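As structure tokens, the structure follows; a few thoughts come after it.
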Amino acid sequence: MFQFTVRRIIWVIPTMLAVATIVFLVMRVAAGDPAIAILGEYASAESIAALRAKLGLDRSLWSQYGSYMWDLLHGHLGRSLINNKPVASYIASLLPRTAELAVAGMAIGVIIGVPLGVLTALRSRSFVDYLGRVFALVGLSMPAFYLGILLLLVFAVKLRWFPVISVASSPSLLDNLYALFLPALSLGLIKAAFVSRMTRSTMLEIMGEDFVRTARAKGLREGLVIYKHGFRNALIPVVTVIGIYMGALLGGAVLTETVFNRPGIGKLLVGALRERDYPVIQSTLMMFAGFVIFVNLAVDLLYGFIDPRIRYE
Amino acid sequence: MARKAASTENRYRQALRGLLKDKLATTGTLLVLIIALVAIFAPVVAPYNPSAQSLSYRLRSPSSEHLLGTDEFGRDVLSRIIFGSRVSLIVGVLSVALGMIIGVPIGILCAYFGKRFDLVVMRVVDILMSFPTLVFGLMLVAALSPNLINVVIAIAISLVPRFIRVARGPALSIMKKEYIESSKAIGASTGRIVFLHILPNIAGPIAIMATLWVATSIRIEAGLSFLGLGVQPPTPSWGNMLKAGMNRILMAPWMAIYPGIAIVISVLAFNLIGDGIRDFLDPKKQI
């Protein structure tokens, strides 16, 4: 287990370097000349040449790649081309906002999705099961940002229970949670659909296994059978799904932040893409990929605690 | 040869019959057919020209004249939704087809060759999959410049690593079968083994994922267009209609509500078909 943990953690380093290389290549090779993109097609040749020199684009691709990776390894993310602010300061202030949205969204997804999945599996083919499956189907088909627009329309515009722009009016925890509620709910309800479906199918499969029948036959209380033999075994695929959907949730956060006009890495990325602010684009893309890589690492390491069989393999 | 063709035909007919027994899958198929017909015959079905502006009809709420209201330029929302279905279907189907054509053979070759080839490709897949699909799509569209073809290419590229994974898993288990060993022993070429023996046997899981990913692609296109980095106005797409609607959410909520419903229905339709195929191919559910 120790060896696996160490190997798994070390693997993060080459993965992050490869991610950085892909981002660099896509933005430098496929995107064309950033100087033209920033100044526009009709800019004079002199001003384009001056900007290219300023950005270091007149150097060879290898040299640019070398200094990009060198800076990255030393924690230098560069400065925004638009307002010359250090990109690291943007990231430092906005990353927690996106992280709290993603975590709150996933928390809502798990809090609603897991019990709903267990309930619909235990009451299979009942009215509750039918309702749960309809909820899951609609949830799977609705983009989170559209649900966000609908929630905004009902709870912020019509009922006026929540602010239209989800920015906390003060740094207090309560104000933050209040501003976070609608965006997190729009992400969380969609994730709840995914999680409930996964939990339901896994629970159904496990509750039909021989060891569950044996547990019942030896007179174990139904609650214990469900929790110890059913639910605990169903948790493994559910944890995997949570890991897989963390990436999708972050993608959803880009849109949700835009709908709710909420500051975060997603909104920063969209703005930077529109303005062709390359240092900001590269760093935010790295943040997104890094977040997914670390969640996957956490999921892999968590398996060992949930399922002791994996620990010994 | 004739017997083989007949047995394949029987198998597909059987699959279709099984799928049609599933009420939800039938509903999904019907919905997709309706959406496809509406997209093909959009100029006939749409009550108005989707680009025709009328300043005197700006931001009109739904009425008998304009069933789903009008937008900020006085354009008929229903007609724009009808024409927008073309964008969604084109992006959904083409990006999945392209991703599948590139990804599936690579996945099968990973299983076929194994060893270093498999190791290198799968590490690259792991790395590419660390980008959320929408974020990866955003990066590529921004690099290529946003338009319909580039949206298709961007979504297709982001689906390639996923298709590689989906094809590799079942192909690995097929590779262990005796008939593959026999084919190799009698000197069958790699192409023959890949296309004649492996591909038909892993078509099931690929078909499930392809259908479900059409739904995902429609959602991603809507997301990209909503962010202004997808299909550009004045071409109507459900995503860019939602974006325009979001800007007028207080005055004209119908501009956002109805394109969103169109997205939900079309994504739901493809999800229902994907689920239907999954249930049909799952041996446990047939007992």
Side-chain angles (χ1 to χ4, degrees), chain A residues 11 14-19 21-23 26-32 37 133 137-138 140-150 152-153 156-158 164 205 208 244 246-255 258-259 266 269-270 272-274 276 281 284-285 288-293 296, chain B residues 24 28 123-124 126-146 157-158 212 215-216 218-220 222-224 226-229 238-239 242-243 245-246 249-250 253 256-257 259-272 274-275 278 282 284:
Chain A
W11 177 240
T15 310
M16 283 303 288
L17 291 178
V19 162
T21 307
I22 291 170
V23 169
V26 171
M27 296 322 296
R28 293 291 159 92
V29 181
R133 284 166 74 184
L137 260 175
V138 175
L140 287 168
S141 308
M142 187 177 284
F145 71 98
Y146 179 55
L147 180 61
I149 293 174
L150 294 182
L152 198 71
L153 203 59
V157 177
K158 295 276 180 218
V164 176
E205 206 176 311
I244 292 169
M246 208 61 199
L249 196 94
L250 276 180
V254 175
L255 292 155
T258 307
V259 169
L269 171 66
V270 174
L273 284 169
R274 283 199 191 119
R276 301 260 162 181
I281 295 173
T284 42
L285 286 173
F288 274 106
F291 198 89
V292 175
I293 289 167
N296 284 338
Chain B
L24 287 177
R123 287 294 84 84
V124 175
D126 283 346
I127 291 158
L128 290 177
M129 284 185 65
S130 22
F131 292 97
T133 323
L134 179 83
V135 173
F136 199 63
L138 268 176
M139 174 172 79
L140 293 174
V141 168
L144 297 168
S145 86
I157 295 175
S158 59
L212 295 174
T216 307
I218 292 173
R219 269 207 321 242
I220 294 176
L224 291 174
F226 178 74
L227 294 172
L229 291 158
W238 296 338
L242 261 176
K243 181 178 188 267
M246 186 65 204
I249 195 84
L250 297 175
I257 292 172
I261 292 174
I263 297 172
V264 175
I265 291 174
S266 57
V267 173
L268 180 72
F270 281 101
N271 278 339
L272 288 175
D275 282 0
R278 192 191 338 236
D282 187 355
K284 283 180 210 154

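The structure presented is a predicted model; accordingly, all values stated were derived computationally and were not measured. Side chains included, hydrogens not; waters and symmetry mates left out as well; all remaining heavy atoms used. Quick note on labels: first sequence line is chain A, next is B, and so on, each numbered from 1.
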Pairwise distance [atom1]([X]) to [atom2]([Y]) - rounded to 0.5 angstrom:
X	Y	atom1	atom2	value
B:L227	A:L273	CG	CG	9.0 Å
A:L153	B:L250	CG	CG	8.5 Å
B:R219	A:L140	CZ	CG	7.5 Å
A:L137	B:D275	CG	CG	6.0 Å
A:L250	B:F131	CG	CZ	12.5 Å

| said: Suppose we screen for salt bridge (Lys or Arg N to Asp or Glu O under 4.0 Å). Which residues come up paired with A:R274, at least two apart in sequence or across chains? | reply: none

Portion of [X] that has a non-hydrogen atom of chain A nearer than 4.5 angstrom:
X	answer
B:A215	neither
B:I257	both
B:L229	side chain
B:M246	side chain
B:I261	both

| message | At a heavy-atom distance under 4.5 Å, which candidate from A:I149, A:V157, A:T284 has the highest pair count against chain B? | response | A:I149

| remark: Heavy atoms of B:L134 and A:G251 approach each other most closely as CD2-O, 3.1 Å

| request: Specify the closest pair of heavy atoms between A:I293 and B:S130, including all atoms of both residues, with the distance to one decimal. | output: CG1-CB, 3.5 Å

| request: May I ask you to name which of B:L242, B:L140, B:T133 has the most heavy-atom pairs under 4.5 Å with chain A? | output: B:L242

| note | If you tally heavy-atom pairs under 4.5 Å between each of B:T216, B:I218, B:L268 and chain A, the highest tally belongs to B:L268

| message | Between A:Y146 and B:I263, is the side chain to side chain contact (heavy atoms under 4.5 Å, CB included) condition met? List the steps. | response | CA-CA 9 Å; A:Y146 179 55; B:I263 297 172; 5.9 Å; no

| query | Checking A:L285 against chain B: side chain, backbone, both or neither under 4.5 Å from a heavy atom? | reply | both

| Interface moiety of A:L249 toward chain B, non-hydrogen atoms closer than 4.5 Å | neither

| Flag side-chain contact, heavy atom, 4.5 Å: A:T15 against B:R123 | no

| Beyond-backbone contact of B:V264 with A:P143, side-chain heavy atoms, under 4.5 angstrom | yes

| said: For the aromatic rings, using the six-membered ring if either is Trp, is the centroid distance between A:F145 and B:F226 under 6.0 Å? | reply: yes

